[in-house]
There are 2 protein chains.
Amino acid sequence: MKSRRTRQLAAVYDVVAAAHDHPTAEDVCDRVRRQVPRISLGTVYRNLQKLVAQQQLRAVHLADRPTRYDGMLAAHDHFLCERCGSVADLQQTMPSPMDSSRLLESGYEVRAHALTFYGVCPTCRRAEEKPLGRARRTRSEEPATASATRSGRP
Amino acid sequence: MKSRRTRQLAAVYDVVAAAHDHPTAEDVCDRVRRQVPRISLGTVYRNLQKLVAQQQLRAVHLADRPTRYDGMLAAHDHFLCERCGSVADLQQTMPSPMDSSRLLESGYEVRAHALTFYGVCPTCRRAEEKPLGRARRTRSEEPATASATRSGRP
DNA sequence: CTTTCTGCAAACTCTTTGCACTCGT
DNA sequence: ACGAGTGCAAAGAGTTTGCAGAAAG
């Protein structure tokens, strides 16, 4: 039952590790296909699962949305923008030691926790505050909207 | 486009509000059927959705498990026992004001957040620590608190 | 009456799986 | 060669939806 180094497994890992946008399994599949054209979605799922089990990748579960994958292993939280669907990493927002200890005292064994914030990201907020009223503000800075991760199906 | 007060809607609300175990949609359907035998799962889903949208109920999204519903509206977190599948309410473990404010300063608009701990609950831990000479598998799913109702469907 | 809601079943989305074949080791 | 891994397609789980008929206002 030894794990083999296949081109598919390596490609899946590489894609997620290199991504900054928390891709879904389908996103990963699309990207991996640039290297391994014939890889199937099933294989992508199997390999993502394996890498998550081996703690080489993390799965990010979001309300009502497909699971996304993250190459960042350090403890951190997430922010999901409900406008554009992008997911941002947040530097360990919660002082987990404090919270977990209370649970421990209550007899719980905490193995993991997930903290996710839902709302509107800075980019979408800015985009929203402009459209209404007469364009009075001559604020010109409009940071690239490129950060928006594709999240839904076309 | 006015919302009507139907027996089904009321029953769905009542079941979730009275429940202490964070039932799934299927659990809710089974229970509501004791009052409204012919209610369909589709109607249960539609009503749960409506009640959540109206903030009368909350949806609890868990990693790799079906959504569960909660009648407790006060801010609180959850603990999912990976052994027995039970979900426990945790009294506002996180001091959210602190965390959210930092996000606000960064330009995020936080509309909600979800904090869930995963691990083993006190009951399962006790059962485990008083071994009868058997090791444990990481596999589980036992309706210790009544939540895993399986119903056959064609 | 008018409009929303319901039951049913089919459709959908995301994910997993069985099987024969392929490719690491 | 052996068997874990792959591709494909089909199956599964969970949830949504189209429609004709039921029922709330």
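Just so it is clear: chains get the letters A, B, ... in the order the sequence lines come, proteins before strands, and each one is counted from 1. Since the structure is predicted, the reported quantities are computational estimates derived from the model, not experimental observations.
For the pair R33(A) and Y69(B), both in contact range of DNA chain D, the more 5′-proximal nearest nucleotide belongs to R33(A). When each of A25(B) and G42(A) is assigned the nucleotide of DNA chain D with its nearest heavy atom, G42(A) is the one assigned upstream, toward the 5' end.
Protein atom CZ of R38(B) is 9 Å distant from nucleotide atom C1' of dC8(C), rounded to whole Å. What separates CD1 of I39(B) from C1' of dC8(C) is a distance of 13 Å, to the nearest Å. Rounded to whole angstrom, the span from the CG atom of L41(A) across to the C1' atom of dC14(C) amounts to 9 Å. Between the CG atom of D64(A) and the C1' atom of dT13(C) there is a distance of 12 Å, given to the nearest Å. We find that CD of E26(A) is positioned 10 Å from P of dT13(C), with the value rounded to whole Å. Atom CZ of R68(A) is separated from atom P of dT15(C) by 11 Å (rounded to the nearest Å).
A donor-acceptor contact shorter than 3.5 Å links the side chain of R68(B) to the backbone of D21(B). Distance alone, capped at 3.5 Å, places no donor-acceptor pair between the D14(A) side chain and the A11(A) backbone.
In terms of the side-chain contact (heavy atoms from CB on, under 4.5 Å) criterion, residue partners of V28(A) (sequence neighbours excluded) are, by chain and number, V12(A), V15(A), V16(A), P23(A), V32(A), V44(A). Remark: E109(A) pairs with R111(A), R125(B) by the salt bridge (Lys or Arg N to Asp or Glu O under 4.0 Å) rule, at least two apart or across chains. Residues meeting the ring-ring contact (aromatic ring centres under 6.0 Å, His included) test with H78(A), sequence neighbours left out: H22(A), H76(A). Under the side-chain contact (heavy atoms from CB on, under 4.5 Å) criterion, A114(B) pairs with Y118(A), not counting sequence neighbours. For T6(B), there are no side-chain hydrogen bond (donor to acceptor under 3.5 Å, both in side chains) partners two or more places apart in sequence or in a different chain. Applying the ring-ring contact (aromatic ring centres under 6.0 Å, His included) criterion to F79(B), with sequence neighbours excluded, gives Y108(A). For R83(A), the salt bridge (Lys or Arg N to Asp or Glu O under 4.0 Å) test picks out E128(A), with sequence neighbours left out. Here Q35(B) pairs with nothing under the side-chain contact (heavy atoms from CB on, under 4.5 Å) rule; sequence neighbours left out.
Residues of residues 45-62 of chain A that place a heavy atom closer than 4.0 Å to DNA chain D, in numerical order, are R46(A), N47(A), K50(A).
OP1 or OP2 of dG7(D) has at least one side-chain nitrogen or oxygen of T43(A) nearer than 4.0 Å. At the phosphate of dT15(C), OP1 or OP2 sits under 4.0 Å from a side-chain N or O atom of T67(A). Contact annotation: Q8(A) does not reach the phosphate of dT22(C) (side-chain N/O to OP1 or OP2, under 4.0 Å).
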One character per nucleotide, please: for nucleotides 20-25 of chain D, 5' to 3', B when the base has a protein heavy atom closer than 4.0 Å, S when only the sugar-phosphate does, - otherwise. ---BBS
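Listed by first and then second residue, the side chain to side chain donor-acceptor pair (under 3.5 Å) pairs involving residues 39-52 of chain A are S40(A)-T43(A) (not counting sequence neighbours).
Defining each end axis of the helix from dC1(C)-dG25(D) to dT25(C)-dA1(D) as the rotation carrying four pairs' C1' atoms onto the next four, with five pairs an end, the two axes are found to diverge by 30° to 10 degrees.
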